[in-house]
J.: 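Input: one structure, supplied below.
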Amino acid sequence: MKNNLANIKKAKMLLDSGYCIAIPTETVYGLAANAYSNTAVKKIYKLKKRPKNNPAIVHYSSLKQLKSDCDLNKNFYLLYKKLCPGPITFVLKLKKKSRISKFVNNKKNTLAVRFPKNNLSKKLLNLLDYPLAAPSANITKKISAVSADDVKDEFGKKIKFILDGGRSKIGLESTIINLIKTPQILRLGGTEISKINKILKTKLKFRKNKKKMISPGQSKVHYSPGIPIRLNAKSIKLNEAFIAIKKRKFSDKNFYYLSKNKNLKEAAKNLYKTMRIIKNKNYKSIAIEKIPNKGFGLAINDRLIRASKK
Ligand code: AMP
Ligand code: MG
């Protein structure tokens, strides 16, 4: 505990001085910097090699602070009350007088915002006078980091500080919902759409928007382990890592599983971790068993399809 407090203070000191650091969240680790500072936000983009036109999510711990940056509406309050803090990101209208750096959202008049659930990050945000811009702590297009070690694996010595909050509980990015007009799901993620539909009394579905890329997390190649992935695989080939949805009795060296008993939430949590382990064992390719396309399986399949694109 004492250690945590010292680390939170160190994180605050570095953020106050304009550095970007890694922070834990329940979805994945974030690469965070003062969202009101141009120079701090630019450091995130440089380190991640992220294109300027891919806006970052801004993390808040208080509604009061969010109100100074965005216009809040009825749908936002309904979802906020039931789901925050948690793995859901809202796209809202940015206020003209907001202090958000133009580098966060590429000068758009909208902003993606989130209330993360991890205790260390919540405590850190509470101590700060500004919200944190924090895209996922990985090099653009690569696999997201779900532990402090993963962040090290991505950035090595280039990262100034990692606030270690243990393994991310959800292990998959947040669900993104655009609330500016009629609600629209922009990215599948850690909050199931059925939950959102129940709260808003709607029947939203995720539709891939091919023409206009509103949310660059929708870009075709993403979440890539850097080696070919074979989807819907039925058998294990030599020298190929095989990922099953469910644990089996046999245990080949190259056999990995995402869940003990085909639990899709558990599988989502283990997906990036497993892909990173396989990547670091120098396998030349990955085969993955068919994942049921329901519940969290929808988000898993969305990531796998993009990870498998060249
Ligand atoms: P990451 O945190 O790396 O998973 O990426 C954040 C995601 O949020 C990306 O897919 C962004 O495109 C999306 N995003 C951020 N800001 C906006 C916005 N104003 N409108 C739509 N999508 C956004
Ligand atoms: Mg990302």
Side-chain angles (χ1 to χ4, degrees), residues 20 22-33 35 41 44-60 66 69-72 76 86-95 98 100-116 118 121 131-146 150-151 154-155 168 170-191 206-209 211-225 268 271-272 275-276 299 302-303 306-307:
C20 78
I23 59 162
T25 89
E26 80 283 21
T27 57
V28 299
Y29 271 64
L31 196 59
V41 171
I44 300 178
Y45 279 76
K46 193 169 172 214
L47 199 55
K48 263 186 77 79
K49 300 186 184 140
R50 184 171 174 109
K52 287 194 188 81
N53 68 358
N54 188 353
I57 297 173
V58 178
H59 294 61
Y60 289 83
L66 176 60
D69 291 326
C70 293
D71 290 336
L72 308 182
F76 167 79
I88 181 160
T89 294
F90 311 101
V91 174
L92 299 169
K93 196 159 173 288
L94 189 69
K95 281 197 165 132
S98 149
I100 293 289
S101 158
K102 61 183 186 229
F103 294 101
V104 168
N105 63 348
N106 195 30
K107 297 185 193 152
K108 281 168 176 284
N109 57 4
T110 61
L111 189 70
V113 306
R114 183 166 114 68
F115 290 79
N118 178 280
S121 286
L132 290 175
S136 53
N138 54 284
I139 305 285
T140 290
K141 297 194 173 168
K142 300 293 184 200
I143 317 171
S144 300
V146 293
D150 294 355
V151 179
E154 284 291 306
F155 297 108
S168 295
I170 304 283
L172 204 65
E173 292 81 358
S174 58
T175 299
I176 304 182
I177 182 166
N178 183 353
L179 291 178
I180 289 178
K181 287 182 188 150
T182 312
Q184 186 192 13
I185 303 292
L186 300 181
R187 175 173 78 183
L188 293 164
T191 299
F206 174 63
R207 282 196 196 88
K208 276 188 205 134
N209 193 334
K211 273 192 222 132
K212 205 172 152 210
M213 215 169 51
I214 307 172
S215 194
Q218 296 174 353
S219 85
K220 261 190 179 169
V221 190
H222 214 105
Y223 316 109
S224 165
L271 180 69
Y272 290 145
M275 291 212 289
R276 191 176 290 278
D302 169 78
R303 303 300 189 273
R306 285 172 226 224

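In listed order, ligands and their atoms are each counted from 1.
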J.: Do Arg303 and Glu173 pass the salt bridge (charged side-chain N to carboxylate O under 4.0 Å, His left out) test, and can you show the C-alpha distance, the side-chain angles, and the key distance before you say yes or no?
T.: CA-CA 10 Å; Arg303 303 300 189 273; Glu173 292 81 358; 3.1 Å; yes
J.: Quick one: closest heavy-atom pair of Leu31 and Phe155, and the distance?
T.: CD2-CZ, 4.0 Å
J.: Out of Ala134, Gly30, Ser136, indicate the one that has the non-hydrogen atom closest to atom 3 (O) of ligand 1.
T.: Ser136
J.: With only distance considered, is Asn54 within less than 3.5 Å of ligand 1 through an N or O on each side?
T.: yes
J.: Check ligand 1 against Leu186 and write out every atom of the ligand that is under 4.0 Å from a heavy-atom position of the residue.
T.: 21 (C)
J.: Hey, does the Lys NZ or Arg CZ of Arg306 hover above the aromatic six-ring of Tyr223, less than 6.0 Å from the centre and inside 45° of the axis?
T.: no
J.: For the residue pair Thr27 / Arg114, report whether a side-chain donor-acceptor contact shorter than 3.5 Å exists.
T.: yes
J.: What part of Thr110 sits under 4.0 Å from ligand 1 if we count only heavy atoms: the side chain, the backbone, both or neither?
T.: both
J.: Pairing donors with acceptors under 3.5 angstrom, does anything connect the side chains of Asp69 and Tyr60?
T.: yes
J.: With a heavy-atom distance limit of 4.0 Å, tell me whether Arg50 approaches ligand 1 through its side chain, its backbone, both, or neither.
T.: side chain
J.: With atoms numbered from 1 as shown, which atoms in ligand 1 lie under 4.0 angstrom from a non-hydrogen atom of Val91?
T.: 20 (N), 21 (C)
J.: Considering only heavy atoms of Ile176, which atoms of ligand 1 have at least one such atom less than 4.0 Å away?
T.: 7 (C), 8 (O), 13 (C)
J.: Only one of Leu47, Val41, Leu132 forms a side-chain contact (heavy atoms from CB on, under 4.5 Å) with Cys20, so which one is it?
T.: Leu47
J.: Does any N, O or S atom of Tyr223, backbone or side chain, fall under 2.8 Å from the Mg ion (ligand 2)?
T.: no
